Asker: 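Got a structure here, written out as structure tokens. Questions coming.
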Amino acid sequence: MSKSHTIAIHWFRKGLRLHDNPALLAACGQATKIIPLFILDPHFANPGTVSPRRYQFLLETLSDLDTNLREKYGTQLYVARGTPNDVLPRIVSELKATLLTFEADTEPYARARDQALEIEMKSHGVKVEQHWSHTLHDITELANLCPKNKPPTVYQSFLKHVFHKAGSIPKPVPLPTSIDSLTLQEFQTFVTNVPDMSIEKGIPSLEELGYPAATPCAFQGGETAGLERMQSHLARKQWIASFEKPKTAPNALTPSTTVLSPYLKFGCVSARTFWYGLQEVYKTHKGPRSLPPTSLDGQLLWREFYYTSAYLTANYDQMKGNPICRQIEWIDPDTSIEASTHLKAWQEGKTGFPFIDAIMIQLKQEGWIHHLARHAVACFLTRGDLFINWEHGVRHFEWALLDADWSINVGNWMWLSASCYFYQYFRCYSPIAFGKKTDKNGDYIRKYLPQLKNYPKKYIYEPWTAPLAIQKEAGCIIGVDYPEPIVEHKIVSKRNMMWMKEAYAKHNANKNAGKKKRSSSGGSGGSGGSSSSSSSSSKKTKR
DNA sequence: TTAACTGTTGGAAAC
DNA sequence: TGTTTCCAACAGTTA
């Protein structure tokens with residue numbers, strides 16, 4: 001079979017795997033020589049926006065990919081430093097490559113980057129091929145199926161009217177049979193004009209990127225570790241078939257869910273491979289299975305839901321100018337000293353509520369917390385207790401989580417803050433009661449807040465209520481060795497519900513005013529006018 | 001148009 | 001110890 005290209009570059013971004021990688025396979029099918037390339041973009045290689053934990057996970061993933069390319073295909077991963085839109089045109093023209101393949105990406109930064117790149121590549125006479133393999137379906141296809149191209153906000157109707165109309169989910173593609181590449185020496189004889197990309201340096205260490213040295217982590221990055229994790233869970237057929245997310249514990253000492261999210265985020269594990277693995281278990285398992293939304297395949301469907309919603313929503317990651325987001329007058333940490341202190345206490349796990357603080361410490365140490373733990377701390381930061389804008393929560397999670405996924409993270413924050421998708425603001429997580437349901441003894445708190453480990457279980461969730469004698473006996477004085485609670489939950493949560501009620505009333509008033517205006521002006525056709533204008537007048541004083 | 005129904009995962013008290 | 005009931009009551013969908 002003759003191939004129409006001599007040299008192709010397969011650019012790894014997400015999709016950091018060899019299995020089910022249609023873009024890589026397309027490169028192998030069309031070109032004689034393939035350059036597997038990763039680019040360390042300074043936009044991401046940045047201690048301010050990516051935690052050391054997640055960067056370590058990424059570097060482990062790159063290292064695993066490199067090893068697999070060497071051992072299975074006799075090639076390697078080439079790692080360049082620089083901005084992709086600068087690096088790629090230079091490499092392409094040095095190597096005289098005529099094909100560039102990569103996996104499609106829906107995030108705004110990636111969309112803008114890829115669009116500019118595609119134009120640039122065309123001017124070099126390079127064919128660009130994007131393949132959809134990060135999600136179950138091509139997100140643009142799902143977006144096109146959305147009625148009036150409106151972002152979905154209700155899961156069940158998304159499934160009914162959008163997802164189930166998209167046809168069957170593409171089957172994972174096979175591994176490449178071979179990947180013929182260039183040796184580093186050959187590569188370097190081609191690439192003579194780009195010394196600053198440091199390709200010969202290979203995969204960097206954390207220190208090279210300005211991070212502290214790597215430390216042991218519960219979750220090892222990479223396709224190999226990800227597939228092993230997936231397989232070991234798929235082998236527990238009864239557990240897989242009966243899985244119901246709301247029934248798993250946020251404060252289990254070993255994770256009560258799969259922790260495949262970091263691997264799905266980086267594409268170490270293919271969502272489709274996991275999907276079909278699950279379907280195989282459901283098919284062969286005797287007895288009933290749980291169903292979406294709470295089942296494991298239901299979790300993958302949530303992912304499609306948020307990706308589609310994010311793709312169709314302008315200004316998705318902010319409140320202002322975001323058409324699906326309630327406009328709420330949150331207390332601003334930039335102008336309120338108290339709110340800024342509160343935000344900092346929340347980030348550092350020093351709120352004085354052990355359940356909240358233990359979660360925030362686990363997040364910092366391990367880079368992963370259970371979904372319901374995310375609920376508890378997100379509710380606490382926003383409508384539950386501190387009444388701080390969810391955007392601050394997004395930013396902290398975006399920095400700290402191994403699985404930080406823009407579409408899902410932002411969506412969950414809007415959900416929890418009752419800004420979109422979920423509106424029952426009077427249902428509020430208690431920072432004291434919620435954790436007790438699954439951990440009466442407070443073992444989770446004892447693990448992550450060792451200063452409290454000797455507290456009697458009666459007081460472990462609210463240590464400030466313990467008599468001084470007991471505090472002394474436990475070796476931890478509240479206000480000295482562990483903070484006093486920064487707010488009185490009962491009082492602020494009631495106050496916040498009132499504020500939420502006001503914000504909702506205002507929203508409805510604006511909506512109705514908009515309706516009236518439209519009907520009186522004779523329905524001039526122009527849609528979506530309701531986005532702005534809610535927060536203008538009448539400033540409440542909140543401090 | 002209206003009204004009933006539904007929405008992945010609440011808390012606290014009563015049984 | 002586990003299940004039921006009340007609390008106070010929103011938005012989006014469907015009949």
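Just so it is clear: chains get the letters A, B, ... in the order the sequence lines come, proteins before strands, and each one is counted from 1. Please read all numbers here as calculations on a predicted model, not as lab measurements.
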Asker: Salt bridge check, Lys364(A) against Glu348(A): does any charged N sit closer than 4.0 Å to a carboxylate O?
Answerer: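 Answer for the salt bridge query: no.
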
Asker: Could you check whether His392(A) and His396(A) have their ring centres less than 6.0 Å apart?
Answerer: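 They do not qualify: ring centres at least 6.0 Å apart.
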
Asker: Taking Watson-Crick and G-U wobble pairs with both distances under 3.5 Å, convert DNA chain C into its dot-bracket string, 5' to 3', dots for unpaired and | for cross-strand pairs.
Answerer: .||||||..||||||

Asker: Kindly determine whether Lys472(A) and Asp481(A) satisfy salt bridge (Lys or Arg N to Asp or Glu O under 4.0 Å), including the steps that lead there.
Answerer: CA-CA 11 Å; Lys472(A) 278 185 180 158; Asp481(A) 306 307; over 6 Å; no

Asker: Tell me whether Arg383(A) forms a cation-pi arrangement with Tyr425(A), defined as NZ or CZ under 6.0 Å from the six-membered ring centre and within 45 degrees of its axis.
Answerer: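 Ring-cation test returns no.
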
Asker: Under 4.0 angstrom, heavy atoms only, what part of the nucleic acid is Glu244(A) near: base, sugar-phosphate, or nothing?
Answerer: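 Nothing: the residue Glu244(A), judged by heavy atoms under 4.0 Å, touches no strand.
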
Asker: Under 4.0 angstrom, heavy atoms only, what part of the nucleic acid is His370(A) near: base, sugar-phosphate, or nothing?
Answerer: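 The residue His370(A) makes no contact with any strand.
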
Asker: In this structure, is the centre-to-centre distance between the rings of Tyr482(A) and Trp464(A) below 6.0 Å?
Answerer: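 No.
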
Asker: Could you tell me whether Lys457(A) and Asp439(A) have a side-chain N and a carboxylate O separated by less than 4.0 Å?
Answerer: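 Salt bridge absent between Lys457(A) and Asp439(A).
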
Asker: Check every strand shown and say whether Asn508(A) touches a base, only sugar-phosphate, or nothing at a heavy-atom separation below 4.0 Å.
Answerer: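 If one applies the 4.0 Å heavy-atom cut-off, Asn508(A) turns out to touch the sugar-phosphate alone, with no base involved.
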
Asker: Using a 6.0 Å distance limit plus a 45 degree cone around the ring axis, check whether Arg326(A) lies over the aromatic ring of Tyr504(A).
Answerer: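 That pair qualifies as a cation-pi contact.
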
Asker: Reading DNA chain C from 5' onward, which residue's closest nucleotide shows up sooner: Lys440(A) or Tyr504(A)?
Answerer: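 With Lys440(A) and Tyr504(A) compared, the 5'-side residue is Lys440(A).
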
Asker: Determine the interatomic distance between C1' on dT13(C) and the same-named atom on dT1(B); round to the nearest Å.
Answerer: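 My reading of the C1' atoms in dT13(C) and dT1(B) gives 15 Å.
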
Asker: Whether Lys494(A) and Glu488(A) form a salt bridge (side-chain N of Lys/Arg under 4.0 Å from carboxylate O of Asp/Glu) is what I want to check.
Answerer: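 No.
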
Asker: Could you check whether Arg326(A) gets within reach of a base, just the sugar-phosphate, or nothing at all, counting any heavy atom under 4.0 Å?
Answerer: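 Answer is sugar-phosphate: Arg326(A) comes under 4.0 Å of backbone atoms only.
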
Asker: With nearest nucleotides of DNA chain C determined for Ser157(A) and Arg427(A) from heavy-atom distances, which residue corresponds to the more 5′ nucleotide?
Answerer: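 The residue closer to the strand's 5' end, by nearest nucleotide, is Arg427(A).
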
Asker: With C1' as the reference atom in both, quote the distance from dC5(B) to dA9(C) in angstrom, rounded to an integer.
Answerer: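 14 Å, rounded to whole Å.
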
Asker: Between the side chains of Lys14(A) and Asp105(A), is the shortest nitrogen-to-carboxylate-oxygen separation below 4.0 Å, so that they form an ion pair?
Answerer: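 Counted as a salt bridge, because a side-chain N and a carboxylate O are separated by less than 4.0 Å.
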
Asker: Would you mind classifying the nucleic acid contact of Tyr421(A) as base, sugar-phosphate or nothing, using non-hydrogen atoms under 4.0 angstrom?
Answerer: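 No contact.
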
Asker: Using a strict threshold of under 4.0 Å (side-chain N to carboxylate O), is an ion pair present between Glu141(A) and Lys165(A)?
Answerer: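 Between Glu141(A) and Lys165(A) there is no salt bridge, as every charged N stays at least 4.0 Å from the carboxylate O atoms.
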
Asker: How far, in whole Å, is dG11(B) from dA11(C) if one measures between their C1' atoms?
Answerer: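 One C1' to the other, the span is 22 Å.
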
Asker: Which is true for Phe422(A) with a 4.0 Å heavy-atom rule: it touches a base, it touches only sugar-phosphate, or it touches nothing?
Answerer: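 Counting heavy atoms under 4.0 Å across all strands, no contact is made by Phe422(A).
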
Asker: Using the heavy-atom set of chain A and a strict 4.0 Å cut-off, write down the first and last nucleotide of DNA chain C that makes it in, 5' to 3'.
Answerer: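 Nucleotide range in contact with chain A: dA9(C) to dT14(C).
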
Asker: Using a strict threshold of under 4.0 Å (side-chain N to carboxylate O), is an ion pair present between Glu398(A) and Arg395(A)?
Answerer: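 Looking at Glu398(A) together with Arg395(A), the answer is no, because their closest N to O distance does not fall below 4.0 Å.
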
Asker: Calculate, to the nearest 0.5 Å, the distance between atoms CE and OG belonging to Met414(A) and Ser309(A) respectively.
Answerer: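 One gets 6.5 Å once the value is rounded to the nearest 0.5 Å.
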
Asker: Along DNA chain B, 5' to 3', what are the outermost nucleotides having an atom less than 4.0 Å from a heavy atom of chain A?
Answerer: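 The contacted stretch runs from dG7(B) to dA12(B).
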
Asker: Just checking Lys490(A): base, sugar-phosphate only, or nothing, at a heavy-atom cut-off of under 4.0 Å?
Answerer: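 No contact.
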
Asker: Taking any heavy-atom pair under 4.0 Å as a contact, classify Lys501(A): base, sugar-phosphate, or nothing.
Answerer: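 Answer is sugar-phosphate: Lys501(A) comes under 4.0 Å of backbone atoms only.
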
